[in-house]
Q: 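Take a look at the following structure, please.
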Amino acid sequence: MASPLKIRDLSLRDGQQSQFATRMTQAQIDKVLPLYKEAGFYAMEVWGGAVPDSVMRYLGEDPWRRLESIKAGVGGASKLTALSRGRNLFGYSPYPDSVIKGFCENAVKSGVDIMRIFDALNDPDNMAASVRFVKESGGLADCAICYTTDPPFSASERLGAGIKAIFGGRALPKAIFTDAYFIKKAKAFAALGADMISIKDMAGLIDPGRAYALVRAIKEETGLPVDLHTHCTPGNGVASVLMAMVAGADIVDTVALSWSGGPAAPAYEIVQLFADRLGRDTGVSKAMAAAIDARLREARAELSAFDQYKGNRPPSLDLSRHQLHAGDAKLFDQAVEAATGKVTSASMARVLELCRRIEARFDYPPPDAIVQRAQIPGGMYTNMLAQLKEAKLEDKVEEVLALVPAVRLDAGLPPLVTPTSQIVGVQAVNCVVDKSQGKPYYTNTSKNFAELVSGSYGKTPRPVDPEFRRKICGYAEERPYDVSAYEKRPNPALVEFGGALLAQGEKEELLLELFPSVAEKFLKGKRKAEWDEAQPPLPPEPEKPARYPDELWEELPMLAGS
């Protein structure tokens, strides 16, 4: 009999972050928790990523309360998962072990069962402290390998004048992001003490054949449970998850049907239909999953101001009551047949074609051709557009996209995931701005780009050329991060609120460390509300004597003389 398949539901974290700019309120969360408690998902990703920042910045809500309320609402029915960025946690700068320890301990204490830990450079050294502190606190460490591909240089681009200008005529490297690269990283993470390995495909670039090969190889080499996390933006999502299931993935990440597709993950309902045909039991209540989807459809309507894909609405599908139409069922049967046969380039192309037809039947946005061609996350592309608009260079989009691989290569070929995707994207735009002003590339560089090149973010997959580092940083030798001079953020007493400290307790102090400007504003608002509530009520105003309306007084003399 086929092994069970565990489902990690991403709707309350990655789902809303991908589709609705992380604007889901506590009230919207509370409405759906009783349904999740009965649904039977193995895990729910509910915290980390952009959630702590966004709930303070845009909603004025407490991130710790968000996590604790979900834990109270779900109990132990599903494991709660959070996402963090290794030594950087949520920011760009590396933190000392004391901050990492405090964050991990309090996250587990507040409800996190599984911490998914990743590093933008796939550098195990940047993840070691988080793994250790999560496990010491009683949590499970899910070490995520950031999936990426080598820059897609064409033969003409390799010989082109623009590329030569950047590289100084240097030869381009051989492929780095091979299966061997990812297997080596998985084994390194296992050595750190990982309890499971996730393939974190932030841009949806992994194709069906690669998903199959990597899931099988990592399972064989590490003996650990393997999870595939991917997105649907370039059109690979459903097909790659199917092939991961065929390869024996222990866990796959999904979202509710109404929140799936486009920049988000594939739908639970689609995965469940595949699981039924493969004989893999998910343990999820189909009726409860349908109820969750119905509730989240209501939330989607409420979040319409942040919905980029208002025109795409996957149809409702209650798998506990409804059967697929014959034509749709045939598509699923054909996809499974192609997926379970011999794995060849032709069969993988067939799986991809059938799964894209399934995506279309569920009204997913069509594959994003730009993201597919440029091989970048959708959020990175959006940020670059905004930067170009600010520089009044909107017509230079294609030039920027062509420069991204070159800038990335100069910076040591970092995977494009937060924060390196933003760093590389911003620098590619800076190079185009330089050119528009008649200046050489890299005349203007950001502080973060210089730090990436210097080595303060960790070891890049490809060593940075020392001479390029000298050009950008002013020195040739690599300079790793140094937290010895780290100073804890000040926690001032607020005279205007009775001398109360800005941050009360370790959890609020951590917010101040990890999100300085956002947390300062949020905590000041919180202290003000507490101060106002503690003030004695004002005495009631004395009643004023009754007064005649002005127009009546005007009439009184006439009345008196009559």
Q: Is there a donor-acceptor contact under 3.5 Å linking the side chains of E68 and S110?
A: yes

Q: Would you say the side chains of K488 and S98 form a donor-acceptor pair under 3.5 Å?
A: no

Q: Does a donor on one side chain and an acceptor on the other come within less than 3.5 Å for D482 and S484?
A: yes

Q: Are more than 12 heavy atoms, taken from residues, nucleotides or ligands other than K459, located less than 6.0 Å from that residue's NZ atom?
A: no

Q: Is there a donor-acceptor contact under 3.5 Å linking the side chains of R280 and S3?
A: yes

Q: Quiz question: by atom type and distance under 3.5 Å, do the side chains of R116 and S198 form a donor-acceptor pair?
A: yes

Q: Of all the heavy-atom pairs spanning S446 and Q427, show the shortest one and how long it is.
A: N-OE1, 3.4 Å

Q: With V226 as reference, evaluate I251, D250, V252 under the side chain to side chain contact (heavy atoms under 4.5 Å, CB included) test and give the passing residue.
A: D250

Q: Decide, yes or no, whether a salt bridge links R300 with D307 under the criterion of side-chain N to carboxylate O below 4.0 Å.
A: yes

Q: Could you report the tightest heavy-atom contact between P414 and V424, atom names first, then the distance?
A: CG-CG2, 4.1 Å

Q: Are D97 and K101 within salt-bridge range, i.e. N to O under 4.0 Å?
A: no

Q: Give, for atom CG of L413 and atom CD1 of I176, the distance between the pair rounded to the nearest 0.5 Å.
A: 4.5 Å

Q: How about NZ on K219, more than 12 heavy atoms from neighbouring residues, nucleotides or ligands closer than 6.0 Å, or not?
A: yes

Q: What's the spacing between D142 CG and F189 CZ if we round to 0.5 Å?
A: 10.5 Å

Q: Do the rings of Y457 and Y92 sit parallel, tilted or perpendicular, given the 30° and 60° boundaries?
A: perpendicular

Q: Could you check whether K187 pairs with E221 (Lys NZ or Arg NE/NH1/NH2 to Asp/Glu carboxylate O, under 4.0 Å)?
A: yes

Q: I'd like to know if R527 pairs up with E508 as an ion pair, taking the criterion as any Lys NZ or Arg NE/NH1/NH2 lying under 4.0 Å from an Asp or Glu carboxylate oxygen.
A: yes

Q: Parallel under 30°, tilted from 30 to 60°, perpendicular over 60°: which one fits the rings of F103 and W64?
A: tilted

Q: Assess the side chains of D293 and Y268: does a donor N or O sit below 3.5 Å from an acceptor N or O?
A: no

Q: We want to know whether E38 and S285 form a side-chain donor-acceptor pair, criterion being a heavy-atom distance below 3.5 angstrom.
A: no

Q: Does one side chain, of S69 or Q26, offer a donor that lies under 3.5 Å from an acceptor on the other?
A: yes

Q: Kindly indicate, with the supporting measurements, whether the criterion side chain to side chain contact (heavy atoms under 4.5 Å, CB included) is fulfilled by I183 and E220.
A: CA-CA 10 Å; I183 293 166; E220 289 172 3; over 6 Å; no

Q: Looking at side-chain heavy atoms only, is the closest gap between K184 and D179 below 4.5 Å?
A: no

Q: F41 ring centre to R8 NZ or CZ under 6.0 Å, with the angle to the axis within 45°?
A: no

Q: Can E509 and R489 be counted as an ion pair, charged N to O under 4.0 angstrom?
A: no

Q: When you look at NZ of K79, are more than 12 heavy atoms from neighbouring residues, nucleotides or ligands closer to it than 6.0 Å?
A: no

Q: Could you give me the CA-CA distance, side-chain angles and deciding distance for E478 and S454, then say whether side chain to side chain contact (heavy atoms under 4.5 Å, CB included) is met?
A: CA-CA 6 Å; E478 185 179 67; S454 75; over 6 Å; no

Q: Would you kindly say whether Q28 and E302 are connected by a side-chain donor-acceptor distance under 3.5 Å?
A: yes

Q: Could you tell me whether E105 and K109 make a salt bridge, using a distance below 4.0 angstrom between a side-chain N and a carboxylate O?
A: no

Q: Any chance the side chains of S18 and R13 put a donor and an acceptor closer than 3.5 Å?
A: no

